[in-house]
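Here the structure is laid out as structure tokens; the discussion comes afterwards.
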Amino acid sequence: MGRALVFQSDFGLADGAVSAMHGVAFSVSPAIPIFNLTHNIPAFSVWEASCRLYQTLPYWPEGTVFVSVVDPGVGSERRSLAVKTVSGQVVITPDNGTLTHVSMNAGITEARIIDETMNRLPGSLESHTFHGRDIYAYTGARLASGAVSFEELGEAADPAGICVLHAACSSLKKDKAAGGIEIMDVRFGNLWTNIGRSLLKEMSVAYGDKLTAEIRAGQSLAFRGQVTFGKSFADVPGGEPVAYINSLGNLGLAVNQGSFAEIFSIGAGQDWTIAVEKADPGELLQKNFERETAAT
């Protein structure tokens with residue numbers, strides 16, 4: 001049996017694109033165990049592909065091969081890369097920013113520029129718009145099956161030269177932690193920030209404390225209000241907001257049995273930032289204030 005092969009894309013499941021990628025991999029070797037990370041990345045969202053890749057990659061064993069295809073520049077001069085992480089996984093993807101979070105958080109030890117003339121599905125040379133099938137799935141399957149080594153994929157590249165997207169860094173200044181809202185817990189509308197638990201510990205934040213959160217979209221204030229810091233969603237009544245530590249060890253914001261993103265019209269991505277500090281007990285919870293205003 002070969003090493004696990006994990007696919008991610010923005011292709012969706014409404015047509016045969018993902019099945020074609022699986023078919024190519026299966027044709028290389030029926031012994032490869034094939035899995036899907038997700039194929040519901042929003043179209044062209046390299047940023048979300050980067051976040052989702054890092055969300056799951058650390059939990060897969062050494063040797064796992066990831067193929068991530070969100071590729072607005074397909075057929076252009078952008079490079080195709082294979083990289084090894086510090087923990088031994090391999091990612092095959094366009095060099096377009098998809099490796100941002102892996103580079104910043106997991107760490108990359110080696111990189112190869114995939115030779116697209118050698119590592120290509122036979123008969124696909126005239127196809128220029130489906131590199132996910134013709135290059136990435138094919139190369140990933142050959143690597144996972146052992147038909148080709150990492151070193152044989154192409155010439156070495158400097159990991160420091162890999163394309164990374166701008167990301168808001170987390171910081172702590174004067175008892176206020178700041179960072180970015182990187183992504184959503186899509187189904188439930190929870191906000192996932194890059195503010196680590198260690199920063200909250202430095203602020204001496206304890207369960208049950210009230211935090212004042214300020215969220216901005218660019219320079220525009222989108223939300224300011226109090227949230228309770230809890231272990232989980234059930235630490236506050238239904239319909240109330242809560243701050244918690246998410247499954248990646250970072251600060252999250254949620255509404256118990258509701259959607260923080262929908263209720264407060266909050267998004268995620270490179271332009272969304274957040275700052276939190278221990279709350280002044282006299283501050284009103286924004287959501288309650290809105291309810292009282294609507295009732296009068």
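Heads up: numbering here begins at 1 and tracks the sequence. Given the structure is predicted, the values throughout are model-derived calculations rather than measurements.
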With F260, the side chain to side chain contact (heavy atoms under 4.5 Å, CB included) member among I266, V242, D185: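 Filter result, single survivor: I266.
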
Specify the closest pair of heavy atoms between [X] and [Y], including all atoms of both residues, with the distance to one decimal.
X: A275; Y: K176; value: CB-CD, 3.8 Å
X: V70; Y: A49; value: CG2-CB, 3.6 Å
X: G2; Y: P33; value: O-CD, 3.4 Å

Between [X] and [Y], a side-chain donor and acceptor under 3.5 Å:
X: T193; Y: N250; value: no
X: H22; Y: N36; value: yes
X: S204; Y: E202; value: no
X: H101; Y: Q55; value: no

Please step through ring pair (Phe, Tyr, Trp, His ring centres under 6.0 Å) for the pair H166 and W47, ending with a clear verdict. CA-CA 9 Å; H166 166 73; W47 173 265; 8.3 Å; no

State, yes or no, whether a side-chain contact exists between [X] and [Y] at a heavy-atom distance under 4.5 Å.
X: I114; Y: L81; value: no
X: Y244; Y: D235; value: no
X: T85; Y: L57; value: yes
X: T212; Y: R224; value: yes
X: L143; Y: V90; value: yes
X: F66; Y: L5; value: no
X: I108; Y: V86; value: no
X: V276; Y: L251; value: yes

Taking [X] for the side chain and [Y] for the main chain, is one N or O donor matched with an acceptor at less than 3.5 Å?
X: S50; Y: V46; answer: no
X: T64; Y: W60; answer: no
X: R142; Y: G146; answer: no
X: E152; Y: S149; answer: yes
X: D209; Y: V205; answer: no
X: D271; Y: A217; answer: no

Quick check: is [Y] connected to [X] through a chain of hydrophobic side chains (ILVMFWY, heavy atoms under 4.5 Å apart)?
X: V227; Y: I274; answer: yes
X: I215; Y: M203; answer: yes
X: W272; Y: L199; answer: yes
X: L191; Y: L221; answer: no
X: L248; Y: I183; answer: yes

How about F130 and Y136: are their ring centres within less than 6.0 Å of each other?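 No, they do not, as the ring centres are separated by 6.0 Å or more.
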
For the atom pair [atom1] ([X]) and [atom2] ([Y]), what is the distance rounded to the nearest 0.5 Å?
X: I181; Y: L253; atom1: CD1; atom2: CG; value: 7.0 Å
X: L53; Y: E48; atom1: CG; atom2: CD; value: 12.0 Å
X: E182; Y: T100; atom1: CD; atom2: OG1; value: 10.0 Å
X: F188; Y: E262; atom1: CZ; atom2: CD; value: 13.5 Å
X: I162; Y: S103; atom1: CD1; atom2: OG; value: 6.0 Å
X: L37; Y: I41; atom1: CG; atom2: CD1; value: 7.5 Å

Tell me whether the rings of Y207 and F229 are parallel (<30°), tilted (30 to 60°) or perpendicular (>60°).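 Aromatic pair Y207/F229 classed parallel.
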
Take M21 and Y138 through the side-chain contact (heavy atoms from CB on, under 4.5 Å) test and state the conclusion after the steps. CA-CA 8 Å; M21 292 171 66; Y138 180 70; over 6 Å; no

Give the intermediate values and the outcome of side-chain contact (heavy atoms from CB on, under 4.5 Å) for residues H39 and F7. CA-CA 8 Å; H39 294 288; F7 286 126; 3.7 Å; yes

Any pair counted as salt bridge (Lys or Arg N to Asp or Glu O under 4.0 Å), so long as it reaches residues 91-117, sequence neighbours left out: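 Non-adjacent pairs meeting salt bridge (Lys or Arg N to Asp or Glu O under 4.0 Å): R78-E116, R79-D95, K84-E110.
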
F150 atom CZ: more than 12 heavy-atom contacts under 6.0 Å: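 Above 12, so yes.
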
Passes side chain to side chain donor-acceptor pair (under 3.5 Å), S127 versus D134? Steps please. CA-CA 8 Å; S127 173; D134 300 336; 2.8 Å; yes

Before you tell me yes or no, could you show the steps for E277 and D175 under side-chain contact (heavy atoms from CB on, under 4.5 Å), namely the whole-Å CA-CA distance, both residues' side-chain angles and the distance that decides it to 0.1 Å? CA-CA 6 Å; E277 60 185 336; D175 294 324; 5.8 Å; no

Apply the test side-chain contact (heavy atoms from CB on, under 4.5 Å) to residues Q270 and L165: give CA-CA distance (whole Å), side-chain angles for both, the deciding distance (0.1 Å), then the verdict. CA-CA 9 Å; Q270 292 168 275; L165 304 174; 3.7 Å; yes

